[in-house]
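Here the structure comes first, spelled out in structure tokens, and everything after it is commentary.
Because the structure is a prediction, the values reported are computed rather than measured.
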Amino acid sequence: MGTVFAIILVFVGCCSNVVTLELLVREFPGAGNIITFSQFVFIALEGFIFETRCGTKRPVIPINNYVIMVTMFFTVSVVNNYALNFNIAMPLHMIFRSGSLIANMILGIIILKKRYPASKYLSIALVSAGIFICTIMSAKQVNMANEGSEEQGFYAFMRWLVGIAMLTFALLMSARMGIFQETLYKKHGKHSKEALFYNHFLPLPGFLLLSTDIYSHCVHFSQSTPVLVPVIQLNLPIMWLYLFVNVITQYVCIRGVFILTTECTSLTVTLVVTLRKFLSLIFSIIYFQNPFTPWHWVGTAVVFVGTLLYTEVLSSITVARKKAE
């Protein structure tokens with residue numbers, strides 16, 4: 001029952017979160033900071049009450065280790081959100097972030113001196129090829145969308161390149177954070193809820209550096225079209241409503257993944273998250289009518305086949321069928 005409930009939370013929470021995120025950034029492409037800040041405040045408040053018991057419970061992992069982890073986590077979150085302001089479409093954003101396997105493997109080889117079987121290298125090659133195809137097709141769309149003026153087209157393309165560089169940096173930083181987190185868990189044991197709280201609580205002062213941007217978006221959000229919220233019968237600016245739903249669904253998503261990690265193997269967790277990403281991508285393309293060529297579909301398919309190959313899902317299904325026979 002716990003597994004089914006967790007899978008429902010992941011699909012409902014994460015997919016709904018992607019929808020509200022796109023609704024927000026379509027209206028205000030630079031709204032990433034206020035979105036991230038709101039999510040961090042909510043998750044930190046929940047963790048402060050239920051995980052640390054209002055600060056009375058001491059952390060198991062030393063706080064200085066959390067400071068290092070949090071610095072990386074904060075950087076990744078902010079850079080990923082800022083990338084949406086540089087001509088990066090939401091589908092490409094989702095596909096690019098699916099390349100975390102590449103970054104994890106590369107840094108695992110360099111830092112942890114890991115070695116992988118041939119199937120892993122093949123899967124990484126497929127993921128890399130899929131992302132490369134989608135990136136090239138998106139670059140062509142940026143050029144085509146700005147054919148009217150050569151100067152404007154060049155400027156838009158350069159902004160897009162900056163966005164790609166930001167996504168690449170965030171991808172590598174996220175992988176480095178994962179390796180650091182893995183070494184901490186090996187030394188101190190797994191404390192996912194504790195890490196979730198400190199990853200969202202400690203970075204809050206860092207948002208003071210972004211306070212001007214956050215405040216300006218608060219003003220913009222307050223000036224958006226008011227809508228009547230049925231349950232409480234209150235008129236609320238629609239952007240604030242989108243943000244509220246985004247924060248709640250982000251929490252549901254994270255909680256679902258946490259429950260899933262305690263109920264299932266890492267293989268099952270990876271499969272569920274991968275399928276969730278694919279469903280979110282399809283919905284984003286169809287509902288929001290994001291430009292997606294046949295080559296984008298080819299690249300997307302290659303990325304997900306590579307991901308499934310990496311997690312050995314396909315071979316596990318084959319083994320299960322043979323046992324059933």
Side-chain angles (χ1 to χ4, degrees), residues 10 14 17 21 32-33 35-37 39-44 47 51 59-84 88 93-114 116 120 124 127-128 131 163-207 209-210 250-251 253-258 260-262 266 269-270 273-274 276-277 307 310-311:
V10 170
C14 299
N17 183 257
L21 176 62
N33 290 329
I35 296 170
T36 305
F37 174 69
Q39 293 173 350
F40 275 45
V41 167
F42 183 85
I43 294 173
E51 172 59 24
V60 178
I61 298 176
I63 200 73
N64 60 318
N65 288 322
Y66 277 124
V67 171
I68 298 172
M69 189 192 304
V70 159
T71 302
M72 292 188 281
F73 181 68
F74 179 76
T75 303
V76 169
S77 299
V78 172
V79 171
N80 267 324
N81 283 324
Y82 257 125
L84 292 168
I88 300 294
H93 193 271
M94 286 188 281
I95 294 167
F96 214 93
R97 292 180 71 176
S98 297
S100 55
L101 291 175
I102 307 170
N104 285 333
M105 176 176 276
I106 292 173
L107 293 187
I109 293 171
I110 295 172
I111 298 173
L112 301 179
K113 310 299 181 184
K114 286 185 176 181
Y116 300 91
K120 302 290 186 184
I124 293 303
V127 172
S128 302
I131 291 175
I164 292 296
M166 292 173 74
L167 288 178
T168 304
F169 171 80
L171 203 62
L172 291 171
M173 180 65 75
S174 179
R176 183 64 186 90
M177 182 182 71
I179 291 174
F180 181 73
Q181 193 169 5
E182 183 180 333
T183 57
L184 283 183
Y185 284 168
K186 282 182 179 178
K187 184 177 180 180
H188 301 283
K190 290 187 177 182
H191 303 279
S192 301
K193 289 190 70 175
E194 180 183 287
L196 181 65
F197 165 69
Y198 284 104
N199 276 345
H200 289 81
F201 174 72
L202 292 178
L204 290 179
F207 284 101
L209 300 173
L210 310 170
Q250 173 72 3
Y251 175 74
C253 175
I254 290 179
R255 288 291 294 153
V257 173
F258 171 75
L260 206 59
T261 56
T262 60
S266 59
V269 175
T270 305
V273 172
T274 301
R276 193 279 303 168
K277 286 181 179 178
T307 303
Y310 184 90
T311 57

Q. Closest heavy-atom contact between S174 and V76?
A. N-CG2, 3.6 Å

Q.
Looking at every heavy atom in both V10 and G256, which two are closest together, and how far apart are they?
A. CG2-C, 3.5 Å

Q: Could you tell me whether the side chain of H188 reaches within less than 4.5 Å of the side chain of N65, counting heavy atoms only?
A: yes

Q | Rounded distance (nearest 0.5 Å) linking atom CG of N199 with atom CE of M72 | A | 9.0 Å

Q) Do Y66 and E194 touch side chain to side chain, with heavy atoms closer than 4.5 Å? A) yes

Q: Measure the spacing between CG of N80 and CZ of F169 and express it to the nearest 0.5 Å.
A: 10.5 Å

(Q) Show the nearest heavy-atom pair for residues G163 and A83, with the distance to one decimal. (A) O-CB, 4.0 Å

Q. Atom NE2 of H200 and atom CZ of F42: how far apart are they, to the nearest 0.5 Å?
A. 11.5 Å

Q: Assign the ring pair F201 / F197 to parallel, tilted or perpendicular, where the plane angle (0 to 90°) is split at 30° and 60°.
A: parallel

Q) Just by distance, do the side chain of T71 and the backbone of V67 share a donor-acceptor pair under 3.5 Å? A) yes

Q: State which residues pass ring pair (Phe, Tyr, Trp, His ring centres under 6.0 Å) with F207; sequence neighbours excluded, sorted by chain then number.
A: F37, F40, F74

Q: To the nearest 0.5 angstrom, please state how far the CG atom of L172 sits from the CZ atom of R176.
A: 11.5 Å

Q) Rounded to the nearest 0.5 Å, how far does CZ of F180 lie from CG of L107? A) 14.5 Å

Q | Residues that T75 engages under side-chain hydrogen bond (donor to acceptor under 3.5 Å, both in side chains), provided they are two or more places apart | A | none

Q) How many angstroms lie between atom CE of M173 and atom OG1 of T168, to the nearest 0.5 angstrom? A) 13.0 Å

